[in-house]
Amino acid sequence: MQWLWENRDLVFGLSLEHVRLSAIPIIVGLIASIPLGWLANRFRVTRAIQLTLFGILFTIPSLAFFITLPSVLGTKILNPVNVVVALAIYAIAIMVRGAADAFASVPRDVIQSATAVGFSSVSRFWKVELPLAGPVLLANLRVVSVTTVSLLSVGALVGNGALGYLFINGYQRDFPTEVMIGIVFTLIIAVLFDQILVAIGRVLMPWAHGVRGSSRALTVGGAA
Amino acid sequence: MIEFRGVSKQFDDGTLAVDDFSLVIPSHKTVVLVGSSGCGKTTLLRMINRMVDPTSGSILIDDEDIAGLEPVKLRRRIGYVMQNSGLLPHRKVIDNVATVPLLEGVPKRDAYARAMELLDTVGLDRSLANRYPSQLSGGQQQRVGVARGLAVDPNILLMDEPFGAVDPIVRADLQQELIRLQQELGKTIVFVTHDIDEAFLLGDEVVILQVGAQIAQQGTPSEILANPTNEFVANFIGVGRGKRRLSVDGSVESNGNDLVLVDSAGHAAGVVDAPGGVIANGDSSPKSRSISNKTDQAGDA
């Protein structure tokens, strides 16, 4: 506790950095996965290709990603962009499958009847398919959120891991308290993100009480 | 008036769902397409609002070939009610009813006011307006479906087994409601069902279909009952044997004005007016049949 108090500026700064660096990939993952998931659900051929491709992407070890991305992107190894891009790719890899499932979860009956009463395909996507895919999208986004927050720590090995710095520093100095503080604050951020997502879901999908899946958040762990 | 002219539909997998089908559906009447599953009746229905386009032949609404019409516009002026209501689960009842007017750009206030009136029309309490469909019973959902179908005051109402998924008591209720509504509104209703009792109850005209949407017989319920054209029809409507083949039960004493009727298995099925022991000759015009007579008919079967 005393250590925390003395280093509050450091921990607070790292936490803010952690929030910032993990929020971007989560948002990018969501936005990119919606069209990709819709395509994957719509056309069987693209589904097979996409799900395989993104499945393979997710198996690339994160550390290897962090180290090789600078040469691909032409950035410096210490540039935080590397970590953000890598995490965004992971987020998309998880979310595409989830988004495809989300669009598949929209009842066919409802799509048919929406077409029958005269929705154009564009208005049907925005007013029917996307909202009804919402609960499953949200469930998957919560998985991505937790994964991203925890995976970001690995970036500390290449100098950009926000709270991950406390793990490496604490380990090198053989100082468990610092590692502990790092874990606790990572956890707080993960829970905070999750609660924010749940709250957003409540506001946007008041009709979905009881439909929302939540247990899946625990079944996919970090890929570190 | 809806007219099918030599319409065929072959699906991508090769099945010939509809084979050279021609039919004229008169305005302001209820025409019921009835047949077993897979006979193509739903495909026929969906051709009317271009959910399905025919492989050959043409369909005309009021002498206008619908192949030349924009599908979305066409659908917005045709009411559509389906099994399981097909309501949007994420929209409140009032928004579901007002769906099409809102899509058409009708101001929200007007669309809502009209939707509220429609709830009255279909016999739903206005207090349900702010519920979500999942908070309603199956019968209530179906009523909302009908209200939505009527929202743009369409001339044509397509109904695809709308009462197939509700329990028999609620179904009977909804059927009566539809008969009442139709007397008020006089829409051109095309109704699809596999239930011959429902077809005879609701249809001004009934079209019995065989595989490939081949018309086995068409006519008023009385015409079909009186003269089934072939054995398929006779069996389908149950006059060949079974519960519609009724005969007078001579073994029971009657008070002189009613005779007991039994079906072919010998179960009592109803009574017939027989003043002085002679069966009365009723007015045979179908127009004169009151709703309650129709109900009795269905109840007997």
Side-chain angles (χ1 to χ4, degrees), chain A residues 30 34 37-38 41-45 47 99 101-141 197-214, chain B residues 42 45-52 69-93 95-105 130-135 141-142 144-145 147-152 154 157-162 164-165:
Chain A
L30 173 66
I34 288 173
W38 185 83
N41 179 53
R42 186 69 183 269
F43 305 106
R44 201 173 294 170
V45 182
R47 179 184 174 88
D101 291 346
F103 285 110
S105 77
V106 181
R108 275 187 61 87
D109 264 8
V110 175
I111 295 180
Q112 291 247 336
S113 91
T115 310
V117 300
F119 278 91
S120 64
S121 41
V122 175
S123 62
R124 193 183 63 200
F125 173 80
W126 290 107
K127 294 177 178 170
V128 181
E129 293 177 52
L130 187 58
L132 289 178
V136 179
L137 277 176
L138 177 66
N140 281 283
L141 192 62
L197 289 176
V198 170
I200 292 174
R202 288 249 166 79
V203 172
L204 292 182
M205 301 179 282
W207 51 275
H209 287 304
V211 180
R212 198 171 297 130
S214 57
Chain B
T42 296
L45 191 78
R46 290 187 172 177
M47 284 180 180
I48 298 173
N49 69 354
R50 294 200 58 190
M51 294 277 282
V52 175
L69 300 175
E70 215 268 303
V72 171
K73 279 205 184 115
L74 175 70
R75 288 172 197 148
R76 287 185 189 174
R77 62 182 179 90
I78 296 178
Y80 194 93
V81 186
M82 64 192 288
Q83 197 174 351
N84 297 321
S85 76
L87 298 176
L88 304 177
H90 61 302
R91 298 272 183 91
K92 291 175 178 168
V93 166
D95 290 303
N96 265 290
V97 176
T99 300
V100 188
L102 290 175
L103 280 175
E104 290 279 72
N130 284 317
R131 302 250 182 109
Y132 288 102
S134 61
Q135 297 169 311
Q141 290 182 23
Q142 231 33 68
V144 177
R148 178 175 70 172
L150 294 171
V152 286
L157 195 57
L158 306 179
M159 307 188 84
D160 187 5
E161 304 207 27

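Naming convention: chains lettered A, B, ... in sequence-line order (proteins, then strands); numbering from 1 in each chain. Scope of the values below: all heavy atoms of this structure, side chains included, with no hydrogens, waters or symmetry mates.
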Between His90(B) and Lys127(A) (side chain of the first, backbone of the second, donor and acceptor by atom type, cut-off under 3.5 Å), is there such a pair?
yes

Where on Arg50(B) is there a heavy atom nearer than 4.5 Å to chain A: the side chain, the backbone, both, or neither?
neither

Quick check: closest heavy atoms across Gly118(A) and Val72(B), and the distance to 0.1 Å?
O-CG1, 3.4 Å

Side chain to side chain, Tyr132(B) and Pro206(A), heavy atoms closer than 4.5 Å
yes

Given that the side chain runs from C-beta out, which part of Arg77(B) has a heavy atom under 4.5 Å from chain A: side chain, backbone, both or neither?
neither

Select one option (side chain, backbone, both, neither) describing which atoms of Leu158(B) are under 4.5 Å from chain A's heavy atoms.
neither

Which heavy atom of Ala114(A) sits nearest to which heavy atom of Leu88(B), and what is that distance?
CB-CD2, 4.4 Å

So, for Ala116(A) and Asn49(B), which heavy atoms are closest and what is the spacing to 0.1 Å?
O-ND2, 3.6 Å

Taking every non-hydrogen pair under 4.5 Å, which of Pro71(B), Gly86(B), Gly149(B) racks up the most with chain A?
Gly86(B)

What part of Thr115(A) gets within 4.5 angstrom of chain B, counting heavy atoms only: side chain, backbone, both, or neither?
both

If you take all heavy atoms of Val100(B) and Val117(A), which pair is closest and at what distance?
CG2-O, 3.5 Å

Output for pair (Asn96(B) CG, Ser113(A) OG), nearest 0.5 Å, gives 8.0 Å

